[in-house]
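Working notes for the structure below.
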2 protein chains.
Amino acid sequence: MAKKQRRMTKQKRVILDVLRSTTSHPTADWIYNEAKKILPNLSLGTVYRNLNNLKEEGKILELSYGSTYSRFDGNPENHYHCVCVECGKVADLDMPVVEELDKKAQEAQGSSIFYHRLEFYGLCPHCEEKEMKN
Amino acid sequence: MAKKQRRMTKQKRVILDVLRSTTSHPTADWIYNEAKKILPNLSLGTVYRNLNNLKEEGKILELSYGSTYSRFDGNPENHYHCVCVECGKVADLDMPVVEELDKKAQEAQGSSIFYHRLEFYGLCPHCEEKEMKN
DNA sequence: ATCATTATTATTATTATTTAAAATAAAATA
DNA sequence: TATTTTATTTTAAATAATAATAATAATGAT
């Protein structure tokens, strides 16, 4: 069972570059519109497929909160996020990954744990400031 | 701005009971089919709306991994899950919630953190056993 | 460079989820 | 209980994401 070999196409290149050029954790649709400026006859299906491929290759992260729509992150290293319960903005947290969590989980479950995903819910500094004024 | 008052309708009651009657973290569609056995002319939109309402009321949890479809959990207390990267099954982990994480995140961000969600990715005992035999 | 192979694309259709609007049912009040 | 108010339901339509397929483009070998 030979594993399917990946290719770097110009569509994929543009999608990855667009995602890496922002820190805003954009949606697939936003990426599609940006990439379309460079490759006008790009299709949305191609964007979704490539985002999934890039995710599987470990080049990007998919962040799915609730069931509305997914956001993507051009930084593939495991890191934590905070979702603002007020405005919905997603921010990177400058906080080290807690590796011990995997060990604890492995003990609890009794089988292998490879990694984890952690998201915090709270207020972003901007919304917290607004709350203070009420 | 008076907050909208919630009602407990028979549809909502059935949806919640169905979800509480299983430990399998079912999808909206599965819940719909089960609930339909009790309320035959229930509509799928009602299931989705009520699952969202129950989530907002803190009675259930929504688990969204990747972009395929959401799973729901009748246990609203914060607890951790493990997703099997092999078979996709979602299991509850018998492991205490690490409250200190919120404190650390709050320091890193500089504004309020209320709670967090944590998911582990690994192999379920069943798939791990299968791997051993290869 | 040419040819063969195989992944990727665009297009189209399908599935998952949300939203809109009119009809119904629950809660509050008379 | 009848009436009013407002949330919720059903139905239907809209949006987000995935999958199928034939056409295209990238890779490897000549």
Side-chain angles (χ1 to χ4, degrees), chain A residues 1-19 25-73 88 90, chain B residues 1-19 24-57 59-73 88 90:
Chain A
M1 48 195 193
K3 72 177 126 185
K4 181 164 153 174
Q5 174 192 315
R6 310 280 188 167
R7 287 172 188 175
M8 178 54 76
T9 62
K10 57 179 191 293
Q11 289 88 342
K12 188 173 177 181
R13 180 79 260 160
V14 168
I15 289 165
L16 184 55
D17 287 346
V18 163
L19 182 53
H25 308 92
T27 62
D29 197 62
W30 185 92
I31 294 168
Y32 170 61
N33 285 115
E34 288 300 305
K36 222 172 155 61
K37 293 176 185 168
I38 299 159
L39 300 174
N41 58 346
L42 178 70
S43 74
L44 186 56
T46 297
V47 173
Y48 277 106
R49 185 167 14 74
N50 275 302
L51 288 171
N52 274 317
N53 289 345
L54 288 164
K55 183 175 57 163
E56 284 174 17
E57 293 168 39
K59 296 210 174 76
I60 69 173
L61 293 181
E62 176 174 12
L63 317 173
S64 15
Y65 310 110
S67 37
T68 336
Y69 39 67
S70 280
R71 294 175 163 276
F72 295 87
D73 192 326
V90 178
Chain B
M1 49 193 197
K3 71 176 126 187
K4 180 166 155 175
Q5 173 193 316
R6 310 281 187 165
R7 288 172 188 174
M8 178 54 76
T9 63
K10 58 178 191 293
Q11 290 87 343
K12 188 173 178 182
R13 179 80 260 161
V14 168
I15 289 164
L16 184 55
D17 287 346
V18 163
L19 182 53
S24 70
H25 307 93
T27 62
D29 198 62
W30 186 92
I31 295 167
Y32 170 61
N33 284 115
E34 288 300 307
K36 222 172 154 63
K37 293 175 185 169
I38 298 159
L39 299 174
N41 60 347
L42 177 70
S43 74
L44 186 55
T46 297
V47 173
Y48 276 106
R49 186 169 13 74
N50 276 301
L51 288 171
N52 274 317
N53 289 346
L54 288 164
K55 182 175 59 165
E56 283 173 19
E57 293 167 39
K59 295 210 176 76
I60 69 172
L61 294 181
E62 177 174 12
L63 317 173
S64 17
Y65 309 110
S67 33
T68 336
Y69 40 67
S70 280
R71 293 175 163 277
F72 296 86
D73 192 325
V90 179

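In what follows, chains carry the letters A, B, and so on, assigned in the order in which the sequence lines appear, proteins first and then strands, with residues in each chain numbered from 1.
- Atom-to-atom, CG of B:L51 to C1' of D:dT8 comes out at 15 Å; the value is rounded to the nearest Å.
- Atom OH in B:Y48 sits about 13 Å away from atom P in D:dA17, given to the nearest Å.
- For D:dT9, one of the phosphate oxygens OP1 or OP2 lies less than 4.0 angstrom from a side-chain nitrogen or oxygen of B:R49.
- Contacts between residues 31-46 of chain A and DNA chain D, defined by a heavy-atom separation below 4.0 Å, involve no residue at all.
- Evaluation of the side chain to side chain contact (heavy atoms under 4.5 Å, CB included) rule for A:K36 yields A:Y32 as partners, not counting sequence neighbours.
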With side chain to side chain contact (heavy atoms under 4.5 Å, CB included) as the criterion, how do B:E62 and B:N52 come out once you've worked through the C-alpha distance, each side chain's angles and the decisive distance to 0.1 Å? CA-CA 8 Å; B:E62 177 174 12; B:N52 274 317; 4.2 Å; yes
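- Remark: A:Y48 engages A:A28, A:L44 in a side chain to side chain contact (heavy atoms under 4.5 Å, CB included) (not counting sequence neighbours).
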Once base and sugar-phosphate atoms are separated, protein heavy atoms under 4.0 Å mark nucleotides 22-30 of chain C, 5' to 3', with B, S and - as ---BBS---
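- The two residues B:T27 and B:F72 make their nearest non-hydrogen contact at C-CD1, 4.5 Å.
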Does A:K12 form a side chain to side chain contact (heavy atoms under 4.5 Å, CB included) with A:E57? I'd like the steps, not just the answer. CA-CA 12 Å; A:K12 188 173 177 181; A:E57 293 168 39; 2.7 Å; yes
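- Using a 4.5 Å heavy-atom cutoff, the side chains of B:R49 and B:T46 are in contact.
- Distance A:D29 CG to D:dT18 P: 13 Å, rounded to the nearest Å.
- Considering every non-hydrogen atom in both A:V90 and A:R71, the closest pair reads CG2-CD, 3.8 Å.
- Helix-axis bend for the helix from C:dA1-D:dT30 to C:dA30-D:dT1: the local axis fitted to the five terminal pairs at one end deviates from that at the other end by 40°, rounded to 10°.
- To the nearest angstrom, C1' of D:dT8 lies 14 Å from CD of B:E56.
- Atoms CZ (A:R13) and P (D:dA26) sit 14 Å apart, rounded to a whole Å.
- For the atom pair NE2 of A:H25 and CG of A:D73, the computed distance is 4.0 Å after rounding to the nearest 0.5 Å.
- Scored by the side chain to side chain donor-acceptor pair (under 3.5 Å) test, B:N33 finds no partners at all (sequence neighbours excluded).
- Contact between the side-chain N/O atoms of A:Q11 and the OP1/OP2 oxygens of D:dA25 is not found at any separation under 4.0 Å.
- Residues A:L42 and A:A35 come closest through the heavy atom pair CD2-CB, 3.5 Å.
- In this structure, CZ in B:R6 is found 8.5 Å from CG in B:L54, a value given to the nearest 0.5 Å.
- If you measure from atom CG of A:N52 to atom P of D:dA16, you get 16 Å, rounded to the nearest angstrom.
- Nucleic acid contact for A:N50: sugar-phosphate only, since backbone atoms but no base atoms lie under 4.0 Å from a heavy atom of the residue.
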